[in-house]
Amino acid sequence: MTRQRFAALAAGLLLVLVVASQPLAELPRRIRTLVAFAPKELAVRRLGGSGTAFDRRFFSFLENARRRMPSSAKGVVILGVPWSVPVIYLASYHFAPLPVSFGYDRVPGALPVPSGWVVARYGEMPTPAGPVITLPEGALWGPVP
Amino acid sequence: MTLVLSLLPVAGALLVVSGVGFVTSGAFVPRDRAFFLERLGWSDAIGCAAVMAFVPAALGIGVRPGWIAFLVFVALLVAAARLLAPLTLPSPPAGGRGNDLERRAGDNDRPLPTGEGWGEGRSFRVLLYSVISLGVAVYTLRALTEPMWANDFIAIWGLKGKTIFGAVGYPGRLRALEFAHPEYPLGLPLLYAGLSFLTGRWDDHAMALLFPFLQAATLLVLFGWLRRRGASSAVAGLATAIVAWFEPLYSAFLTGMAEVPLAFGMLLFGTALADTLDETDGGAVRRLALASALIAATKNEGLFLAVVGFAIALVFGKAARWNAAASALLPALGVRALHLPWRSRLPLADLEVGSFSPDRVWDSLAAAGGLLGPAAWAGLALVVVLIAAGARVPAGNRVLLLAAAALAAYLVIPAFAVRGPAWLVETTLRRTAAALAPLLAAGLAVRFIGASSGSGTGRRASAPNPGPPTPSTRAS
């Protein structure tokens with residue numbers, strides 16, 4: 001066998017190996033997902049996707065809060081969420097370009113909510129006196145004067 | 001809006017971006033038939049570079065980025081490109097051994113080499129092209145199944161792009177947001193933001209179309225470069241098919257992250273470096289400069305690769321040594337300097353020089369070995385076989401050296417990781433090393449120039465020059 005034929009065999013085997021190592025079984029599932037979600041709006045597609053699988057109700061809260069966000073909001077303080085990496089990343093991304101802050105309900109003596117910021121509360125917690133927008137998964141109020 | 005409707009503006013924008021790149025590409029890639037496929041791929045790179053660059057340019061002069069700003073920017077680019085000297089192809093050496101391009105340089109209508117040996121039948125070529133197309137289709141399905149979702153997209157690349165688009169600027173807080181890695185370059189976020197300014201909305205699902213677009217551009221450049229450098233369609237097709245199906249790179253998870261763009265950029269850089277050192281054409285040095293800027297704008301290791309390219313040019317370059325070295329490094333340094341106003345002064349978040357020790361390098365290597373399953377080991381063994389079986393083609397050796405240096409860096413850098421080598425290896429090595437696949441494929445396959453043209457020993461880098469020298473100047 002010449003060197004070229006040997007190399008051709010190795011390259012062919014490498015191609016077979018690369019193709020055979022694919023998670024091909026996922027392809028029909030991907031097609032079904034695409035067909036099911038493609039006609040829906042972007043937020044619903046994200047809701048059904050991998051990025052929100054850790055807590056789909058939390059994403060629903062973020063999206064509902066975003067839709068009701070006053071246009072004058074300068075930032076968002078989020079209360080009632082676990083201080084975890086996926087939560088912080090997803091909330092920061094979802095509200096961008098607005099800055100997002102966490103931990104106001106767990107840091108004793110935390111600074112007051114900055115002026116112009118809104119507060120989005122996830123889950124059941126006391127709300128302040130004054131106008132509060134009730135969301136299916138929490139509440140939204142502000143902007144703070 | 002449904003996915004199909006939201007894909008239309010992104011597809012349209014990418015088409016325009018590609019067209020803009022094609023119009024400008026004559027300044028970088030000769031308008032010769034032998035370069036046509038590469039020119040298509042480079043057009044995508046040039047167009048993406050224009051989208052990345054017009055956003056800060058517009059913001060810098062207080063103009064909202066959009067179609068008008070983009071078209072004005074492009075008009076300036078086209079005008080600048082026309083000021084550059086026309087590209088030329090070198091004359092074939094008299095009676096000497098030339099590379100494949102040199103042999104064909106004087107005859108624009110001469111067909112590309114088809115070879116007469118194994119795998120050169122039409123049906124085999126059709127099969128290979130079908131396999132490549134299917135690989136692109138499968139990745140397109142993976143990329144578009146759902147909105148981009150990887151942690152690094154949400155926390156870094158997408159967050160910055162969405163913020164630039166939404167804020168129409170670069171808020172200062174991003175310089176201090178540690179999890180968003182303010183020390184990373186802004187090329188990809190600017191590309192996202194630029195596309196969004198052109199389409200008028202932030203759509204992180206439709207924008208995933210950018211990734212199969214980049215994959216297709218990568219494959220065009222890989223196949224085109226290999227064919228131009230004299231590889232048979234079987235060799236070029238096999239290499240391209242392997243890359244097209246390389247799932248560790250073209251996966252749903254990496255869609256949205258910087259590896260797919262970087263893999264494209266590294267291929268552009270490696271092939272342009274080889275062309276510059278071999279003086280294949282007058283555009284090679286410009287392509288090298290553009291690729292250097294692109295990789296430095298995409299990821300921090302782009303600058304490292306530019307330094308390695310600089311060193312390779314100095315050590316192995318002959319007449320083109322200094323020209324190649326300067327083109328490999330200076331644009332990357334320039335991009336780095338342009339980033340300074342927007343970059344953090346924070347040190348790298350996950351790395352610390354004081355953490356390094358030789359023992360930690362061994363820990364890193366051990367962790368890397370533990371990542372590989374039987375299929376990956378078998379694949380690596382086949383790669384070693386292919387390296388051993390190839391001829392000593394300088395272009396291939398240099399590209400392989402570049403890939404080896406990048407891989408070595410990826411294996412050593414975890415020794416600096418604050419949270420330990422194993423942590424960095426487990427979280428990053430698989431994807432960072434996967435991004436080297438197109439570069440590796442180019443370096444491996446070009447060492448089989450002439451492999452299908454007979455049953456020789458394969459140690460022949462190029463065939464003897466077939467004819468007398470022919471004038472070969474091509475105006476761009």
Write out, in numerical order, the residues from residues 48-59 of chain A with a heavy atom short of 4.5 Å from a heavy atom in chain B.
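Within residues 48-59 of chain A, near chain B: Gly49(A), Ser50(A), Gly51(A).
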
Using modelled atom types only, decide if a donor and an acceptor are shared between the side chain of [X] and the backbone of [Y] within a distance under 3.5 Å.
{"X": "Arg447(B)", "Y": "Ile387(B)", "result": "yes"}
{"X": "Tyr192(B)", "Y": "Gly256(B)", "result": "yes"}
{"X": "Lys160(B)", "Y": "Leu188(B)", "result": "no"}
{"X": "Trp245(B)", "Y": "Tyr250(B)", "result": "no"}

Looking at Asp204(B) and Lys162(B), is any side-chain nitrogen of the basic one under 4.0 Å from a carboxylate oxygen of the acidic one?
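Asp204(B) and Lys162(B): not salt-bridged.
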
Indicate yes or no: does Arg45(A) engage Glu41(A) in a salt bridge with an N to O separation below 4.0 Å.
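No.
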
Taking the six-membered ring for Trp, are Phe223(B) and Tyr129(B) parallel (under 30°), tilted (30 to 60°) or perpendicular (over 60°)?
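Because their plane-to-plane angle is over 60°, the rings of Phe223(B) and Tyr129(B) count as perpendicular.
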
Check: His205(B)/Glu146(B) side-chain N/O donor and acceptor closer than 3.5 Å
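No.
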
Looking at Val4(B), Ile156(B), Asn151(B), which makes the most heavy-atom pairs under 4.5 Å with chain A?
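Option with the top pair count is Asn151(B).
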
Counting heavy-atom pairs under 4.5 Å to chain A, which of Ala376(B), Gly166(B), Pro147(B) comes out on top?
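Among Ala376(B), Gly166(B), Pro147(B), the one with the most close pairs to chain A is Pro147(B).
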
Under 4.5 Å heavy-atom distance to chain B, tell me which part of Pro23(A) shows up: side chain, backbone, both or neither.
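For Pro23(A), the contact with chain B is made by backbone and side chain together.
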
Where does Leu42(A) contact chain B at under 4.5 Å (heavy atoms): side chain, backbone, both or neither?
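The answer is both parts of Leu42(A).
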
Roughly how far, to the nearest 0.5 Å, is CE of Met148(B) from CH2 of Trp157(B)?
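Interatomic distance, Trp157(B) CH2 to Met148(B) CE, rounded to 0.5 Å: 13.0 Å.
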
Quick one: pull up CG in Leu238(B) and CG in Leu14(A) and give me the separation to the nearest 0.5 Å.
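These two atoms lie 9.0 Å from each other.
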
Considering residues at least two apart in sequence or located in another chain, which fulfil the side-chain contact (heavy atoms from CB on, under 4.5 Å) criterion with Ser72(A)?
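Ser72(A) satisfies side-chain contact (heavy atoms from CB on, under 4.5 Å) with Pro70(A), Pro143(A) only.
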
Among Ala11(A), Pro99(A), Ser92(A), which has the most heavy-atom pairs under 4.5 Å with chain B?
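The answer is Pro99(A).
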
Which one, Tyr89(A), Phe37(A), Tyr93(A), Phe95(A), leads in non-hydrogen pairs under 4.5 Å with chain B?
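If we count pairs closer than 4.5 Å to chain B, Tyr93(A) comes out on top.
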
Could you go through the side chain to side chain contact (heavy atoms under 4.5 Å, CB included) check for Arg173(B) and Thr163(B) one step at a time?
CA-CA 11 Å; Arg173(B) 68 173 181 282; Thr163(B) 303; 3.9 Å; yes

May I ask you to list the residues in residues 133-141 of chain B that approach chain A closer than 4.5 angstrom, counting heavy atoms only, ordered by number?
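Listed by number: Val138(B), Leu141(B).
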
Which atoms of Ile154(B) approach chain A - backbone, side chain, both or neither, heavy atom under 4.5 Å
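Contact with chain A is through both the backbone and side chain of Ile154(B).
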
Can you pull the side chain to side chain donor-acceptor pair (under 3.5 Å) pairs that have at least one residue in residues 10-23 of chain A, sequence neighbours excluded?
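Qualifying pairs: Gln22(A)-Arg142(B).
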
